[in-house]
Structures are given as C-alpha cells and as structure tokens.
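Heads up, the thing below is written out as structure tokens.
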Amino acid sequence: MKRTTSERSGEDRKATVACVTDQFQCERIIRAGRSIANLTDTSLLVINVSPIDSTAQSGEAIEHLFRISQQNDAEMSVFYSEKTLKVLTTFIKKNHAVNVVTGMPQQQNSVLSKMWSKLGGVSFFTVDASGEFVHVPLKDGGEIA
C-alpha cells in the first residue's frame with residue numbers, strides 16, 4: 001500500500017482540491033476545503049499556480065499556506081507556470097477531485113469561471129472573505145448559472 005503525508009491509501013481515493021493564490025488570506029480556502037473534505041470523506045489537496053517571475057513577498061505567503069496546509073492534514077503543491085488553467089485542470093483530473101474550493105472570481109471571464117465550465121462531474125465551492133463557502137450551481141451544459 002502506498003502512503004503519503006496525508007495518509008491517502010491508493011491512487012483512486014477521491015479528493016477535495018483547494019485552489020489558493022499567493023496571499024496570506026487564502027488560509028480561509030484551505031480551512032473551508034478541510035470542512036468539505038471531512039463532509040465528503042475525501043483527502044484534501046492544496047494547489048497554487050504562480051507566475052514564473054514570482055516575488056519574495058509571495059514566497060512568504062506560500063510558506064504560510066504550507067503551514068496552514070500541514071495543520072489541516074493536506075498536501076500542498078506549488079507550480080510555476082503562465083498556463084494556470086491547464087495546470088489546474090490537469091491537477092484536478094489527475095487527483096480524482098470530486099470537490100474544488102476556490103476564492104471568489106474577480107471578473108466574469110476569470111480562470112475560475114473557465115475552469116468551472118471545463119470540468120464536469122466536479123462540485124465547485126467558493127469561499128468569501130469571512131470563510132463561508134457556497135456551492136457553485138452549474139447549468140446543464142456545464143456553464144455557471
């Protein structure tokens with residue numbers, strides 16, 4: 001049996017993925033992800049996709065989010081790429097995610113909106129500034145309602 005730091009057993013275990021940026025306040029997304037993972041009996045994975053030219057300031061935030069991930073029994077992966085949508089969707093599919101937790105999209109045509117319409121069979125949740133999460137309803141065609 002293969003084991004990792006979060007005690008996942010087997011590669012086919014379903015997961016909840018928390019998508020974070022390089023900001024300290026993203027810890028609310030990890031904590032909401034832990035709640036959803038507990039409710040759905042899934043493992044918790046945290047992902048950050050940063051631009052290749054990230055600054056030292058963002059490194060401090062990433063270190064903070066690593067600590068929050070550890071405190072919430074989650075594995076955190078950091079990727080450096082300009083192709084954020086591709087990295088996120090590949091990670092979500094590869095890890096058999098059934099839930100994805102994000103912050104609130106800042107614009108109509110954001111990476112989050114594109115991701116939501118691209119991935120069927122996944123439940124999406126957004127987390128507001130106070131840490132409350134809500135399910136993102138999708139139309140039949142996979143578009144945001």
Side-chain angles (χ1 to χ4, degrees), residues 3-8 11-139 141-145:
R3 294 217 169 195
T4 61
T5 56
S6 68
E7 299 298 318
R8 289 191 326 173
E11 290 298 315
D12 61 350
R13 170 107 191 253
K14 301 297 183 197
T16 294
V17 173
C19 302
V20 299
T21 61
D22 57 354
Q23 300 175 39
F24 286 91
Q25 65 266 29
C26 283
E27 71 179 67
R28 75 188 193 286
I29 296 170
I30 297 169
R31 293 184 198 290
R34 170 47 52 211
S35 295
I36 293 167
N38 287 348
L39 290 169
T40 59
D41 192 30
T42 57
S43 59
L44 178 60
L45 305 174
V46 178
I47 182 173
N48 168 267
V49 183
S50 293
I52 294 170
D53 62 349
S54 290
T55 65
Q57 171 65 23
S58 67
E60 292 174 22
I62 294 297
E63 286 298 321
H64 173 74
L65 296 174
F66 263 114
R67 286 190 297 277
I68 299 300
S69 295
Q70 288 176 326
Q71 291 170 6
N72 285 276
D73 193 27
E75 293 179 34
M76 183 173 180
S77 299
V78 177
F79 296 90
Y80 292 92
S81 176
E82 302 303 325
K83 298 181 179 183
T84 304
L85 181 62
K86 182 176 175 86
V87 172
L88 288 172
T89 56
T90 299
F91 184 87
I92 289 164
K93 289 176 184 177
K94 178 183 174 193
N95 287 287
H96 310 286
V98 292
N99 305 304
V100 175
V101 185
T102 68
M104 305 295 286
Q106 299 302 310
Q107 50 193 329
Q108 184 70 19
N109 198 24
S110 71
V111 168
L112 296 180
S113 299
K114 291 175 185 175
M115 180 176 62
W116 294 336
S117 65
K118 195 170 187 138
L119 294 170
V122 177
S123 293
F124 293 97
F125 299 87
T126 58
V127 182
D128 66 18
S130 68
E132 296 295 317
F133 59 88
V134 295
H135 185 262
V136 177
L138 301 178
K139 292 182 184 176
E143 297 177 27
I144 303 304

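We number each residue from 1, following the sequence as shown.
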Hits for side-chain hydrogen bond (donor to acceptor under 3.5 Å, both in side chains) against T21, two or more places apart or cross-chain, chain-then-number order -> Q23

In short, salt bridge (charged side-chain N to carboxylate O under 4.0 Å, His left out) pairs touching residues 81-91 with sequence neighbours left out are none

Quiz item: Would you say E27 and R31 make side-chain contact, with heavy atoms under 4.5 Å?
Solution: yes

CG of D22 to CD of E63, rounded to nearest 0.5 Å, is 12.5 Å

Only one of I62, L65, V20 passes side-chain contact (heavy atoms from CB on, under 4.5 Å) with V78, and that residue is I62

So salt bridge (charged side-chain N to carboxylate O under 4.0 Å, His left out) across residues 35-45, not counting sequence neighbours, yields R13-D41

Taken to the nearest 0.5 Å, the spacing of S35 OG from I30 CD1 works out to 12.5 Å

The reported gap from CE in M115 to OG1 in T84 (rounded to nearest 0.5 angstrom) is 10.5 Å

Heavy-atom closest pair (F91 atom, S77 atom, distance to 0.1 Å) is CE1-OG, 3.8 Å

Distance col, row F66:CZ vs Q71:CD, nearest 0.5 angstrom, shows 13.5 Å

Output a table of donor-acceptor pairs, distance under 3.5 Å, between side-chain atoms of residues 119-135 and any protein atom two or more places apart or on a different chain; print 'none' if there are none.
from : atom 1 : to   : atom 2 : distance (Å)
D128 : OD1    : S130 : N      : 3.0
D128 : OD1    : S130 : OG     : 2.8
D128 : OD1    : G131 : N      : 3.1
D128 : OD1    : E132 : N      : 3.0

Checking V100, L45, L44 against T16 for side-chain contact (heavy atoms from CB on, under 4.5 Å), the one that qualifies is L44

Applying side-chain hydrogen bond (donor to acceptor under 3.5 Å, both in side chains) to R28 and not counting sequence neighbours gives none

Note: G103 and L112 closest approach over all heavy atoms is O-CD1, 3.5 Å

For V87, the side chain to side chain contact (heavy atoms under 4.5 Å, CB included) test, sequence neighbours excluded, returns I47, V49, F79, S81

With sequence neighbours left out, the residues meeting salt bridge (charged side-chain N to carboxylate O under 4.0 Å, His left out) with R34 are none

Verify the distance criterion only: is there a donor paired with an acceptor across the side chains of T40 and N99 at less than 3.5 Å?
-> yes

Contacts of N72 meeting side-chain hydrogen bond (donor to acceptor under 3.5 Å, both in side chains) (sequence neighbours excluded), chain-then-number -> none

Residues at least two apart in sequence or cross-chain that pass side-chain hydrogen bond (donor to acceptor under 3.5 Å, both in side chains) with S69, listed by chain then number, are none

Taken to the nearest 0.5 Å, the spacing of C19 SG from I92 CD1 works out to 4.5 Å

